[in-house]
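Everything below concerns the one structure shown next.
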Amino acid sequence: MTNQISSHLSERFLELYVSHQDDLKRYIMSIHPHRNEIEDIQQNTAMALMKKFDQYDATLPFLNWAFRFAHYEVLKHREKFAKRMQLCRATLEMLAEESQADRSLNQARSRALHRCIELIKPEWQRLLSMRYEQKLKIKDIARELGQPVKACYKHFEMIRLKLSECSNQRLKEEGWQIT
Amino acid sequence: MNDQEQKEFKILLSDFIEDRLDESRWQQFDELLKTHRQARNWYRQALSMEMDLEDRFQVFSNQNPIVQVASKKRVGGFRLDWKVIIAALILLALIPFFLIEVTLPARKSPLPAYVTSESYAVITEVKDIFKDLSDQKINLYREVGREKIKFISGHIRLEYFNGAIVELEGPCEYYLQSEERSYLKRGQLSAKLTPDSEDFKIFSPGVSMVELGTEFALKVDSDEMTQISVFEGDAEVSLLNDRGESVHSERVPRQQSYVLNPKLQTIAAQVPAFELSRIETKERVSLPFKEKYLEVCLLDQPVYQWGTSAMEMVGWKSHGLHQMKLNALPQEANSEGKTWLSMNAIEYFNEAEFSIEFWFNASAIHQGALLSLLRAEPSHTFDDWSKMAPNHLVFLEACAEAKDTMHSGGRLRYLLRSPSGNTGGYNLFSQVNYIPGKWHHVVATCAKDLIELYMDGQLQSFTKLEKQVSQDHYFLYLGALDPVRQNQRRFRGGIEAVSVYSKRLSVQQVQQHFLAQFSGS
């Protein structure tokens, strides 16, 4: 009997987790801006959620419940790296609270961004590919292109700005209020 | 925020994304975030965009992981298991107590050890160990990282995730410092390396040895003299000064033995060569299948099954598989290097929802293809395979810490390509290691928008995905990359009791199957 109950819960957990994992990652990233550690925190959060899933109240939103665990895992992680530069606790709390309100907008923003990437210049698409697909550092990209590093940083600043403007424009067209 | 602050913040944000903030600017950045909601909005938008860009380009960078030799810089080449999720655990509570009565010969504990990022190897053999209570535990299947392994007498075998095998004889004091570097203070060590474990360095008191070949042994006695025998390949040995600098080096060729005395600073050839023990190849124990296991598999109505003749003898109704003809290459003298191709295609395979289940037992940690589903017309003949690029729908393989792959050694990999093809796809990895010499139960499932990987009844990882489903026919292939590239990623070990289902097995069903193998009769 115990097996059956636990297995059923595992199935349910899987369903919920799979449908919310992107939101959870985005939330973690918003309060813990150290990208190479996000996966560890997300993994620890998933493990903690699964362990405690029998205590989850199914009448409440899963994601809100999951955010609490993620928040706790972030705090634990911060303690480990207490000496390095971090956002102060007050900033983190504000970001955590406000991040929870962004969920539906985030999905729309992702869709808009994907469309905007198709519209930018091919040279910029190539730069994005080098940066995010091939994971090259800016200085390596600069070397590859025979450009000064500083100019390369400027390129990326410009690309991000254009993508951001394009996404916001599309969102406005879809009726979103963008601040 | 006034105009000046907005301008300042945008520059800070851009530098933050590129990780270029020094401490004072970091504080300024933090302060603006704390005091301005607008700043926080921009910050969240920027991070969200970074995540979307990473996701977007990672999906497009899923270049053929089977044939591509990846650039070291392309570490983000796949949708890795971090993206995925890791559920693992769970079944501690689910595995009933009768598992204590496990009957598999090679299996001491039903629960495999979890991988940690610091682990370099796993203990796969323990014989007659006697040690001080204060020393580290030496348990079968325990993973070892940067640590001291000390025992008074007995024998252990370590299998590194890069494929190297090291055996230690007591009295022994061995310091594992990394995957490539260790220190033998006392005792006897035998090692067998693979091309992926090159750069292997062993230090002993006043001596260093750089491995240049494949197989060797050394012994350090209580006088701190080091004896070295090389069986295959070469090695370079050096005497070291107090600062650890090499002061005198010699090359030890194959079948030669040397004695190094750091006190007298001498290196001398030993004739005849010492008889230090070599690593023996372990016999694989066949898996004694339980009728109960066969029954539960059949209850879930597999559309295809295959097992070796041993399986058929206990009632397993196999569909036929060709044993592939082997080309005349030296490595194929290995009797375990068989590959298998189904005689007939599984026609109109249900790509939307399916499960694949089997058992495997690897002879060593190595990169070896276990099972593939390959798209082809039912009329496809044996000779036709060489005329087309194989299109994988499913590819399951044992991973090793190889230099040209991004997959962690000792893990199991499940690749799904949708639509089937020879590039792209989603990867899942096990969170636990496969253990050489031990039978592992594997289930790879695929549902409408979800794929899952189970090993030994435990969910290892899963991810959601978008699939393109077609009405195609698939051949089952076991033991290497594909029928054309039979010599690539040849699996060394046993594969047994393959079942293909045209539905997703649930968590409960997977557990029932696994546990049935350990039930009473």
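- Atom CD of E466(B) is surrounded by 12 or fewer heavy atoms from other residues, nucleotides or ligands within 6.0 Å.
- Crowding of R20(B) atom CZ: a count of heavy atoms from other residues, nucleotides or ligands under 6.0 Å exceeding 12.
- Counting only distance, with no hydrogens or angles, the side chain of D30(B) and the backbone of L87(A) share no donor-acceptor pair below 3.5 Å.
- When heavy atoms are compared at a cutoff of 4.5 Å, L47(B) approaches chain A by way of both its backbone and its side chain.
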For E31(B) and T91(A), run side-chain contact (heavy atoms from CB on, under 4.5 Å): C-alpha distance rounded to whole Å, both residues' side-chain angles, the deciding distance at 0.1 Å, then the answer. CA-CA 8 Å; E31(B) 192 59 33; T91(A) 309; over 6 Å; no
Donor-acceptor contacts, no H, no angles, side chain residues 156-165 of chain A, under 3.5 Å, sequence neighbours left out:
residue	atom	partner	partner atom	Å
R160(A)	NE	E50(B)	OE2	2.8
R160(A)	NH1	E18(B)	OE2	3.1
R160(A)	NH2	Y132(A)	OH	3.1
R160(A)	NH2	E18(B)	OE2	2.8

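- For chain A, the option among Q512(B), E23(B), R37(B), Q27(B) with the highest count of heavy-atom pairs below 4.5 Å is R37(B).
- When each of R26(A), H114(A), R109(A) is paired with D52(B), the side-chain hydrogen bond (donor to acceptor under 3.5 Å, both in side chains) condition holds for R26(A) and for no other.
- Taking the six-membered ring where tryptophan is involved, the planes of H34(A) and W26(B) are essentially parallel, since the angle between them stays under 30° and well short of 60°.
- Here P33(A) is the residue among P33(A), S167(A), S129(A) with the most heavy-atom pairs under 4.5 Å with chain B.
- With a 4.5 angstrom heavy-atom cutoff, I17(B) touches chain A via backbone and side-chain atoms both.
- Residues passing the salt bridge (Lys or Arg N to Asp or Glu O under 4.0 Å) test with D300(B), sequence neighbours excluded: K503(B).
- Interface residue I138(A): only side-chain heavy atoms are found under 4.5 Å from chain B.
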Derivation of the side-chain contact (heavy atoms from CB on, under 4.5 Å) call for R89(A) and K34(B): CA-CA 10 Å; R89(A) 184 73 182 258; K34(B) 193 163 56 184; over 6 Å; no
